[in-house]
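Each remark here refers to the structure printed beneath this line.
Worth saying up front: this structure is predicted, and the values here are computed from it rather than measured. Below, read A as the first sequence line, B as the second, and so on, with proteins coming before strands; counting in each chain starts at 1.
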Amino acid sequence: MIDPRFLQENLEFVKKKTSERGVEIDFEDITRINEERKRIIRMVEKLEHQRNIGSKKVGELKRQGNDEEAEKLQAGLRDISEKIKELDTKRAQVEEESKSNLLNIPNIPDETVPVGQDDSENVEVKSWGNPRKFNFKFKDHIEIGKSLDILDLERAAKIAGSRFALYKGQGARIDRALINFMIDVHTTEHGYTEVLPPFMAHRESFIGTGNLPKFEHELFRVAETDMYLIPTAEVPVTNIHREETLSEGDLPKKYVAYTPCFRKEAGSYGKDVHGIMRQHQFNKVELVKFVTPENSYDELETLTNDAARILELLKIPYRVVVLCTGEMGFSSAKTYDLEVWVPSENRYREISSCSNFEDFQARRANIRYRKKNSGKPKYVHTLNGSGLAIGRTVIAILENFQSPDGSVTIPEVLVSYMGGEERISPP
RNA sequence: GGAGAGGUGGCCGAGCGGCUGAAGGCACUCGCCUGCUAAGCGAGUAGGGGGAUUAAACCCUCUCGUGGGUUCGAAUCCCACCCUCUCCGCCA
């Protein structure tokens with residue numbers, strides 16, 4: 001949520017910024033409702049003031065034993081209370097409307113974010129390693145998975161329908177190995193605290209991160225409850241500190257979590273229908289930070305580097321792009337995508353998305369911190385990034401490290417996690 | 001799922017329907033004191049919203065798990081829900 005006061009004082013600026021995202025919002029309507037809200041509040045509070053003074057007087061009179069006067073006063077106060085009650089329902093309506101307006105406004109992009117409409121206007125800021133040149137006819141991850149007997153998409157469909165995977169043998173093991181490897185690196189070398197959160201969360205948590213109310217269609221709702229399956233660990237982990245006031249000395253807080261992620265992928269039909277690129281369920285290791293506003297952009301850089309480090313250890317070529325305004329997620333102020341080289345597609349594909357949300361989520365989830373020496377609590381800045389998406393890492397390994405004989409070489413850092421196996425060979 | 005206990009400020013904890021936005025403690029901040037540290041002494045420290053102001057000081061209002069109700073007036077009484085703890089049952 002953006003700062004309501006900032007919105008009113010910088011209406012034109014906000015208008016410009018949201019339109020750069022490709023979002024059109026009726027700010028006139030929002031302003032109108034906000035004015036109406038303030039008007040009603042003023043009226044209610046005036047009446048409440050009268051009532052409070054009157055009530056106090058009633059108390060005094062009664063103590064003096066002057067019941068006659070007290071009762072006279074009470075009659076008048078009764079009317080005031082009635083009026084307050086009426087106005088209160090109106091107030092509740094208007095406040096809800098106003099709140100819902102605010103919840104549907106996306107975050108303001110940081111000034112360093114390139115303005116653009118689609119991914120062609122993302123800007124590459126770094127690339128690492130060189131895409132491999134194959135001197136044999138290489139396969140895509142689906143063929144490799146099938147020939148190594150580690151990936152069975154047909155049977156997965158039998159179990160749950162399309163967009164699910166059944167990993168087998170070394171396939172299942174490499175997925176698990178990657179989870180452990182990534183968590184170990186982030187905890188022991190990057191200073192993150194490991195957490196294992198709930199894989200579902202209720203509505204409030206999803207509002208906190210910005211997934212609700214706007215993006216319900218992307219989520220699996222658990223029938224007959226107000227819970228949803230998480231689309232990313234960002235949701236439960238960011239909400240660890242919902243409604244809390246942290247102290248400045250506790251910051252930054254850094255968490256790493258493995259969770260499966262569940263996404264409807266509605267509207268993406270026709271995209272990535274083959275293989276495991278885009279699934280209803282996939283594993284991911286997620287990094288989440290709570291930091292002070294002063295250094296959130298530095299923290300975004302290190303967060304991105306922390307994620308990228310995994311790819312460097314695995315020796316998978318990647319690049320980093322800054323998402324342009326039109327490509328960024330609803331809650332983000334600035335996002336770097338890490339993209340790995342996928343030979344079968346002859347291009348880079350997203351494997352991690354690292355964002356600074358500034359105080360957008362913190363305001364929604366009411367996550368604040370108190371400065372050491374002074375006064376008012378302020379909102380923290382939240383950040384998160386995949387560190388990394390496991391399924392897509394599997395794709396990258398299978399395709400980038402395949403050999404002419406059909407086997408796949410296990411990255412060196414992963415060997416110990418694979419029980420010493422150095423390659424996966426056809427059965 | 002059944003029975004009981006309980007949810008109060010950054011934390012712990014007291015609280016008769018009106019003088020309680022809330023005792024007391026802890027923590028923190030500032031000052032004093034001490035050669036330093038510890039201790040001691042004194043003062044201060046909740047949040048949201050609405051208004052005034054160049055800004056702060058200031059004024060009003062709401063907030064004691066959440067939402068309703070009773071009442072002139074609710075932390076306090078009533079109802080519903082949520083959560084936590086203890087015991088029982090069931091279960092990975």
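In summary, the side chains of A:Tyr258 and A:Glu194 do not present any donor paired with an acceptor at a separation below 3.5 Å, with no hydrogens or angles considered. Side-chain N/O atoms of A:Asn356 and A:Ser296 include a donor and acceptor closer than 3.5 Å. Side-chain contact annotation: A:Lys289 with A:Thr382, donor-acceptor N/O pair under 3.5 Å absent.
Ion pairing between a basic and an acidic side chain is recognised when a charged N comes within 4.0 Å of a carboxylate O; A:Glu28 and A:Lys15 show such pairing. At a threshold of 4.0 Å, the pair A:Glu189-A:Arg309 counts as salt-bridged, since one of the basic side-chain nitrogens sits closer than that to a carboxylate oxygen.
Comparing B:G6 with B:G67, their P atoms sit 22 Å apart, to the nearest whole Å. Nucleotides B:U20 and B:C78 have their P atoms positioned 24 Å apart, rounded to a whole Å. The same atom, P, is picked in B:U34 and in B:G18; the two are 48 Å apart, to the nearest Å. Between B:G24 and B:C83, the two C1' atoms lie 27 Å apart (nearest whole Å). Separating the C1' atom of B:A22 from that of B:U29 is a span of 22 Å, rounded to the nearest Å. Of the C1' atoms belonging to B:C88 and B:C12, the separation is 31 Å, rounded to the nearest Å. For the C1' atom pair drawn from B:G9 and B:A5, the interatomic distance equals 23 Å after rounding to whole Å. Taking atom C1' on both nucleotides, B:G49 is separated from B:A43 by 30 Å, rounded to a whole Å.
Between A:Pro109 and A:Met328 there is a side-chain heavy-atom pair separated by less than 4.5 Å.
Separation of the A:Phe215 and A:Phe330 ring centroids falls under the 6.0 Å cut-off. Under the 6.0 Å cut-off for aromatic ring centres, A:His241 and A:Tyr255 qualify, their centroids lying closer than that.
Rounding to whole angstrom units, CG of residue A:Asp226 and P of B:C82 are separated by 10 Å. When rounded to the nearest whole Å, the span between CD of A:Glu248 and P of B:U45 equals 21 Å. Atom C1' of nucleotide B:G47 and atom CG of A:Asn366 are separated by 9 Å, given to the nearest angstrom. If you measure from atom CD1 of A:Ile84 to atom C1' of B:G69, you get 16 Å, rounded to the nearest angstrom. Rounded to whole angstrom, the span from the CE atom of A:Met227 across to the C1' atom of B:C82 amounts to 13 Å. Distance A:Lys46 NZ to B:C60 C1': 12 Å, rounded to the nearest Å. Taking atom CD on A:Glu204 and atom C1' on B:C83, their separation rounds to 14 Å, with Å as the unit. For A:Arg363 and B:G48, the CZ to P distance is 11 Å, given to the nearest whole Å.
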*Residue pair A:Glu154, A:Lys146: steps toward the salt bridge (Lys or Arg N to Asp or Glu O under 4.0 Å) verdict*: CA-CA 10 Å; A:Glu154 287 77 13; A:Lys146 199 175 269 184; 3.6 Å; yes
*Verdict with supporting geometry, A:Glu358 and A:Tyr297, side-chain hydrogen bond (donor to acceptor under 3.5 Å, both in side chains)*: CA-CA 9 Å; A:Glu358 298 189 1; A:Tyr297 278 96; 2.5 Å; yes
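Remark: A:Leu414 CG to A:Arg173 CZ distance equals 10.0 Å, nearest 0.5 Å.
Aromatic ring pairs are classed by plane angle as parallel below 30°, tilted from 30° to 60° and perpendicular above 60°; the pair A:His190 and A:Tyr192 is perpendicular. Taking the six-membered ring for Trp and thresholds of 30 and 60 degrees, A:Phe164 and A:His280 have ring planes inclined between 30 and 60 degrees apart.
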Short N/O separations, protein against nucleotides 72-75 of chain B, under 3.5 angstrom:
{"unit_1": "B:C72", "atom_1": "OP1", "unit_2": "A:Arg78", "atom_2": "NE", "d": "3.3"}
{"unit_1": "B:C72", "atom_1": "OP1", "unit_2": "A:Arg78", "atom_2": "NH2", "d": "3.1"}
{"unit_1": "B:C72", "atom_1": "O3'", "unit_2": "A:Ser81", "atom_2": "OG", "d": "3.3"}
{"unit_1": "B:C72", "atom_1": "O2'", "unit_2": "A:Ser55", "atom_2": "OG", "d": "3.1"}
{"unit_1": "B:G73", "atom_1": "OP1", "unit_2": "A:Ser81", "atom_2": "OG", "d": "2.7"}
{"unit_1": "B:G73", "atom_1": "O4'", "unit_2": "A:Ser55", "atom_2": "OG", "d": "3.1"}

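The side chain of A:Lys85 contributes no N or O atom lying less than 4.0 Å from OP1 or OP2 of B:U71. Side-chain nitrogen and oxygen atoms of A:His49 include none within less than 4.0 Å of the OP1 or OP2 phosphate oxygen of B:C60.
Nearest-nucleotide mapping onto RNA chain B: of A:Ile53 and A:Thr245, the residue sitting toward the 5' end is A:Thr245.
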*Determine, for nucleotides 49-55 of chain B in 5'-to-3' order, which nucleotides have protein heavy atoms under 4.0 Å from the base (write B), from only the sugar-phosphate (write S), or from neither (write -).*
BSS----
*Could you summarise the pairing of RNA chain B as dot-bracket text, marking Watson-Crick and G-U pairs under 3.5 Å with ( ) or [ ] inside the strand and | across strands?*
((((((((.[[[..)..(.....]]]((((((.......))))))((((((......)))))).[[[[[..)....]]]]])))))))....
